[in-house]
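Note sheet for the following structure.
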Amino acid sequence: MRHIRPAHLAGVAAACLVAASMTPVHAQEDAPRPAVSPCERVANAQAIEDSPFDINLTVAAMTDYVSLRGFTQTRRGPAVQATLDASYDDFHAGFFTSNVDFGTPEPDTEFDPYVAWRPSYGNWSFDVTAYYYFYLDNEALNYPEIFSTASYNFDDVATLGATFAYAPNYFGDDRETGTFYKANLSVPLPKDFTFSGSIGYQDFDKGLFDRHLVWDAGLTYTFEDTFSFDIRYHDTDLDPGTQCTGAFKCDATIVGTLSISTGLKALRKMALAD
């Protein structure tokens, strides 16, 4: 199936206007009318692109589920994850879900509903997202977290971003509040590759958990805006022998991820192109 890309719409629309202005009236009247003309396809594609509503689904399979804090959530085992996102203009609502393994029979599933506001102004993009982490069959671990991110795109040469996250009752412990700070860099490369990396610091109000640095770096290959493969290095400055033993390992590791994404707009444009 062919994709109708937004960058092509303006050029095709202009050609349609020129063709319409040069076509005699009697030729328009006499010529058989196709079921859907190319110009109507362009108009329909533009209407789809301009719609404020969309639904997107991403499904990912990975060799390990490593959290933003650098801890494995699956005891270095594989994970299958899904994210469903419904949006209207800059407002989003949806959920993330994944299998987990904390070395105990329960929980074995994480389910995280969220609401978000994600506007863009010129080269600036912003994201304020409120999550609630549900660990099914073990409610003692549930807790909320709010992320706020600002990023700047240097005319497609690179994107820099900064994130601040606030989590009261961190990991279900009402005595502790976690704050997380992260800076990230993304650089597009030739042949649909992207380099990206981040460095973060996890702090705690009372120090009941270990404060630490966490970082990652990797390459992502994207095909047709639908399929992507990511290979990424993760590490922390914690001592693997004393600070992250057992199920929650935090030593250096490499994770491979295969993702498939699609959405309502993308499917409607594919159907229009066929």
Side-chain angles (χ1 to χ4, degrees), residues 48-60 62 65-69 71 73 79-100 107-153 159-174 176-184 186 196 198 200-205 214 225-226 228 230 257 259-268:
I48 294 171
E49 189 68 26
D50 292 341
S51 172
F53 178 73
D54 200 9
I55 298 176
N56 287 278
L57 173 67
T58 299
V59 177
M62 58 198 61
Y65 173 14
V66 178
S67 72
L68 289 174
R69 281 84 179 177
F71 292 91
Q73 307 291 280
V80 176
Q81 303 178 342
T83 301
L84 182 67
D85 181 273
S87 61
Y88 188 88
D89 286 331
D90 298 329
F91 297 93
H92 296 249
F95 66 84
F96 163 88
T97 188
S98 176
N99 61 293
V100 295
D108 57 13
T109 303
E110 176 183 343
F111 181 79
D112 308 334
Y114 66 85
V115 292
W117 179 56
R118 298 170 180 169
S120 296
Y121 305 99
N123 289 14
W124 285 97
S125 296
F126 301 91
D127 184 341
V128 179
T129 301
Y131 285 96
Y132 195 90
Y133 304 122
F134 282 105
Y135 295 96
L136 304 189
D137 299 321
N138 194 337
E139 296 181 359
L141 301 178
N142 297 350
Y143 69 101
E145 186 165 34
I146 298 176
F147 285 84
S148 56
T149 299
S151 59
Y152 186 84
N153 184 299
T159 300
L160 282 174
T163 296
F164 170 75
Y166 174 79
N169 306 324
Y170 181 81
F171 229 77
D173 191 330
D174 59 9
E176 188 60 279
T177 295
T179 50
F180 183 64
Y181 311 85
K182 185 177 77 169
N184 64 275
S186 176
S196 61
S198 70
Y201 178 68
Q202 178 64 56
D203 195 9
F204 294 102
D205 184 39
V214 57
D225 299 323
T226 301
S228 68
D230 182 271
T257 302
S259 302
I260 303 174
S261 300
T262 191
L264 182 61
K265 285 186 178 183
L267 292 174
R268 290 176 64 194

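The residues of the chain are indexed from 1 along the displayed sequence.
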[X] [atom1] to [Y] [atom2] distance, which is reported to the nearest 0.5 Å:
X      : Y      : atom1 : atom2 : value
Asp54  : Leu264 : CG    : CG    : 5.5 Å
Phe147 : Thr129 : CZ    : OG1   : 8.5 Å
Gln81  : Ser259 : CD    : OG    : 8.5 Å
Lys182 : Gln202 : NZ    : CD    : 12.0 Å
Ser125 : Tyr152 : OG    : OH    : 11.0 Å
Thr163 : Asn184 : OG1   : CG    : 5.5 Å

Work out which heavy atom in [X] is nearest to a heavy atom in [Y]; give both atom names and the distance.
X      : Y      : result
Val80  : Asn99  : N-OD1, 2.8 Å
Asn56  : Gly263 : OD1-CA, 3.4 Å
Tyr114 : Phe95  : CE2-N, 3.3 Å
Thr109 : Val100 : N-CG2, 3.7 Å
Tyr143 : Pro168 : CB-O, 4.0 Å
Gly178 : Phe204 : CA-CD2, 3.9 Å

- [ ] Check whether any side-chain heavy atom of Ile260 sits under 4.5 Å from a side-chain heavy atom of Thr226, and report yes or no.
- [x]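 Side chain of Ile260 against side chain of Thr226, heavy atoms only: contact under 4.5 Å found.
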Open item on the list: So Pro107 and Phe134, do their side chains get closer than 4.5 Å, heavy atoms only?
Closed with: no
TODO: Check step by step if side chain to side chain donor-acceptor pair (under 3.5 Å) holds for Thr58 and Ser261.
DONE: CA-CA 4 Å; Thr58 299; Ser261 300; 2.9 Å; yes
Open item on the list: As a quick check of understanding, evaluate ring-ring contact (aromatic ring centres under 6.0 Å, His included) for Phe53 and Tyr88, giving each step before the final call.
Closed with: CA-CA 4 Å; Phe53 178 73; Tyr88 188 88; 7.1 Å; no
Open item on the list: Using the rule given for side chain to side chain contact (heavy atoms under 4.5 Å, CB included), can you reason through Val214 versus Leu68, listing the C-alpha separation, both sets of side-chain angles and the distance that settles it, and then say yes or no?
Closed with: CA-CA 8 Å; Val214 57; Leu68 289 174; over 6 Å; no
Open item on the list: Would the distance check show the side chain of Ser148 and the main-chain N or O of Phe164 forming a donor-acceptor pair, the cut-off being under 3.5 Å?
Closed with: yes
TODO: Measure from the side-chain N and O atoms of Lys265 to the backbone N and O of Ser51, and report whether any donor-acceptor pair falls under 3.5 Å.
DONE: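 Answer holds: yes.
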Task: Among Leu141, Asn142, Asp112, side chain to side chain contact (heavy atoms under 4.5 Å, CB included) partner for Tyr133 - done: Asp112
TODO: Have a look at Arg118 and tell me which of Asp90, Asp85, Asp89 forms a salt bridge (Lys or Arg N to Asp or Glu O under 4.0 Å) with it.
DONE: Asp85
Open item on the list: Please determine whether side chain to side chain contact (heavy atoms under 4.5 Å, CB included) holds for the pair Tyr170 and Glu145, giving the CA-CA distance in whole Å, both sets of side-chain angles, and the decisive distance to 0.1 Å.
Closed with: CA-CA 8 Å; Tyr170 181 81; Glu145 186 165 34; 5.5 Å; no
TODO: Please state whether the rings of Phe126 and Tyr121 are parallel, tilted or perpendicular, taking 30° and 60° as the class boundaries.
DONE: tilted
